[in-house]
Asks: 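One structure, as structure tokens, below. Some questions next.
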Amino acid sequence: MVKELKRRWQLGRVRSGDGSALGDYRLWQVFSRSLFFLDLAEPSGNNHTYAVDVRYLVDAKTRRQHESASGKSPAALYRDGVQLYRANLPATFPVPGGVIEVATSAFGLKRMHFVPADGGERTLRPHRRSQEGLRARFGQRFPRTSAVVGVVAVAILLVVLSVALLKGIEGATRIPVVAEHLGTFTSPIRLPGWANITMVVAGVLSAVERALRLRYHWLLDSVAS
């Protein structure tokens with residue numbers, strides 16, 4: 001019920017596009033833009049290619065100043081290269097037979113899925129030169145290495161989460177009221193400054209790696225932010 005209400009709210013925020021053409025993906029946009037594709041057949045039998053273009057550098061101030069005039073938005077939906085809709089993120093775009101859900105985290109995308117009306121979902125196809133496309137090609141060419149990288153990323157985030165939880169508990173028990181009723185707790189893990197910095201960097205890189213594969217867990221991936 002909550003998910004359906006959220007989807008309806010996001011659909012209500014979608015604006016009509018300006019009919020502009022989808023711009024080519026440039027090499028220098030690899031860290032500021034994501035581009036995904038979806039091939040769909042309409043009930044009439046016509047096949048169309050839909051594209052979702054996400055621009056990470058279009059912030060809230062830019063949207064307020066330029067969106068109504070230029071059509072620039074954090075996310076836009078194109079059909080056969082022509083802009084149909086635009087929206088702020090998170091966004092839900094209507095397409096024949098379902099919707100496309102788009103959402104980001106602090107480290108990249110966490111959703112870029114086509115959700116059919118009859119249930120199920122599938123991830124859209126990334127542009128081959130985008131960050132996500134390069135990571136997908138790496139996974140196809142070196143599947144075993146890719147799997148190991150994924151496992152290591154999860155392991156690092158679990159370590160970061162464990163250390164953060166222990167520090168959080170220690171900090172909470174230092175509150176006088178809590179200490180009086182429950183006593184104090186001292187974390188058994190004491191890391192030097194260089195180790196803390198290394199752990200933070202490793203956690204961020206792990207979260208980015210998972211974002212490139214559209215893997216996201218609300219607790220595991222948020223701990224690095």
Side-chain angles (χ1 to χ4, degrees), residues 2-3 6-7 10 30-34 36 52 54 56-57 74-75 89-92 100-115 119-127 130-175 177-179 181-225:
V2 174
K3 188 174 182 179
K6 180 180 178 181
R7 181 177 296 172
Q10 291 180 358
V30 68
F31 297 113
S32 63
R33 182 185 183 192
S34 291
F36 284 75
V52 178
V54 177
Y56 297 108
L57 299 183
L89 293 168
T92 299
I100 294 176
E101 296 181 349
V102 186
T104 58
S105 68
F107 305 101
L109 289 170
K110 63 180 180 180
R111 280 196 70 76
M112 182 63 76
H113 293 74
F114 169 60
V115 183
E121 63 181 38
R122 72 174 188 264
T123 307
L124 275 65
R125 180 179 76 254
H127 190 286
S130 67
Q131 294 183 74
E132 297 84 2
L134 293 172
R135 180 62 180 86
R137 288 162 59 191
F138 174 81
Q140 293 170 358
R141 187 173 182 181
F142 307 103
R144 292 184 179 178
T145 304
S146 175
V148 171
V149 171
V151 171
V152 171
V154 172
I156 290 174
L157 289 175
L158 285 173
V159 171
V160 174
L161 176 61
S162 300
V163 173
L165 287 175
L166 290 174
K167 287 185 177 180
I169 295 173
E170 179 178 329
T173 59
R174 288 180 179 177
I175 300 173
V177 175
V178 177
H181 291 83
L182 300 178
T184 59
F185 171 79
T186 301
S187 173
I189 301 178
R190 294 291 176 181
L191 299 176
W194 66 266
N196 278 317
I197 294 174
T198 301
M199 185 176 65
V200 170
V201 172
V204 169
L205 292 176
S206 298
V208 170
E209 197 283 328
R210 283 172 53 79
L212 293 179
R213 295 183 294 121
L214 274 74
R215 302 288 194 272
Y216 181 82
H217 184 274
W218 67 272
L219 179 59
L220 188 62
D221 292 280
S222 63
V223 72
S225 59

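All residue numbers refer to positions in the sequence shown, counting from 1. Heavy-atom basis, side chains included; hydrogens, waters and symmetry copies ignored.
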Asks: Do side-chain atoms of Thr92 reach the backbone of Gln10 as a donor and acceptor pair under 3.5 angstrom?
Replies: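 Pair absent, no side-chain N/O of Thr92 close to backbone of Gln10.
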
Asks: Show the nearest heavy-atom pair for residues Arg33 and Tyr56, with the distance to one decimal.
Replies: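 Closest heavy-atom pair between Arg33 and Tyr56: N-CD1, 3.7 Å.
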
Asks: Quick one: does Lys167's side chain get under 4.5 Å of Ile189's, heavy atoms only?
Replies: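 No - every pair of side-chain heavy atoms lies 4.5 Å or more apart.
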
Asks: Apply salt bridge (Lys or Arg N to Asp or Glu O under 4.0 Å) to Glu121 and list each qualifying residue two or more places apart in sequence or on a separate chain.
Replies: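 Arg111.
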
Asks: Report all side-chain donor-acceptor pairs from residues 137-146 shorter than 3.5 Å, counting only partners two or more places apart or in another chain.
Replies:
{"from": "Arg137", "atom 1": "NH1", "to": "Arg128", "atom 2": "O", "distance (Å)": "2.9"}
{"from": "Ser146", "atom 1": "OG", "to": "Arg135", "atom 2": "NH1", "distance (Å)": "2.9"}
{"from": "Ser146", "atom 1": "OG", "to": "Arg135", "atom 2": "NH2", "distance (Å)": "3.1"}

Asks: Atom OG1 in Thr184, atom CD in Glu170: separation rounded to 0.5 Å?
Replies: 9.0 Å

Asks: Kindly compute the distance separating CG (Leu220) from OG (Ser206), expressed to the nearest 0.5 Å.
Replies: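 Here the rounded value is 9.0 Å.
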
Asks: Which atoms form the tightest heavy-atom contact between Pro126 and Gly133, and what is the distance?
Replies: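 Heavy atoms of Pro126 and Gly133 come nearest at CB-N, 3.6 Å.
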
Asks: Return the CD1 to CG distance between Ile197 and Leu191, rounded to the nearest 0.5 Å.
Replies: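 If we round to the nearest 0.5 Å, Ile197:CD1 and Leu191:CG are 11.5 Å apart.
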
Asks: Going through the checks in order, is the side chain to side chain contact (heavy atoms under 4.5 Å, CB included) test met by Val115 and Arg7?
Replies: CA-CA 11 Å; Val115 183; Arg7 181 177 296 172; 3.7 Å; yes

Asks: On a heavy-atom basis, which atom in Thr173 and which in Ala179 lie closest, and how many Å separate them?
Replies: O-CB, 3.1 Å

Asks: By side chain to side chain contact (heavy atoms under 4.5 Å, CB included), which residues pair with Leu214, not counting sequence neighbours?
Replies: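 Applying side chain to side chain contact (heavy atoms under 4.5 Å, CB included) to Leu214 gives Phe36, Leu109, Met112, His113, Thr123, Glu132.
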
Asks: Are the side chains of Glu209 and Leu205 in contact, using a 4.5 Å heavy-atom criterion?
Replies: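 Result no, sub-4.5 Å side-chain heavy-atom pair not found.
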
Asks: Working to the nearest 0.5 Å, report the span between CG of Leu157 and CE of Met199.
Replies: 11.0 Å

Asks: For the CG atom of Leu166 and the CG atom of Leu161, what is their distance to the nearest 0.5 Å?
Replies: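 Answer for the CG-CG pair, Leu166 versus Leu161, is 9.5 Å.
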
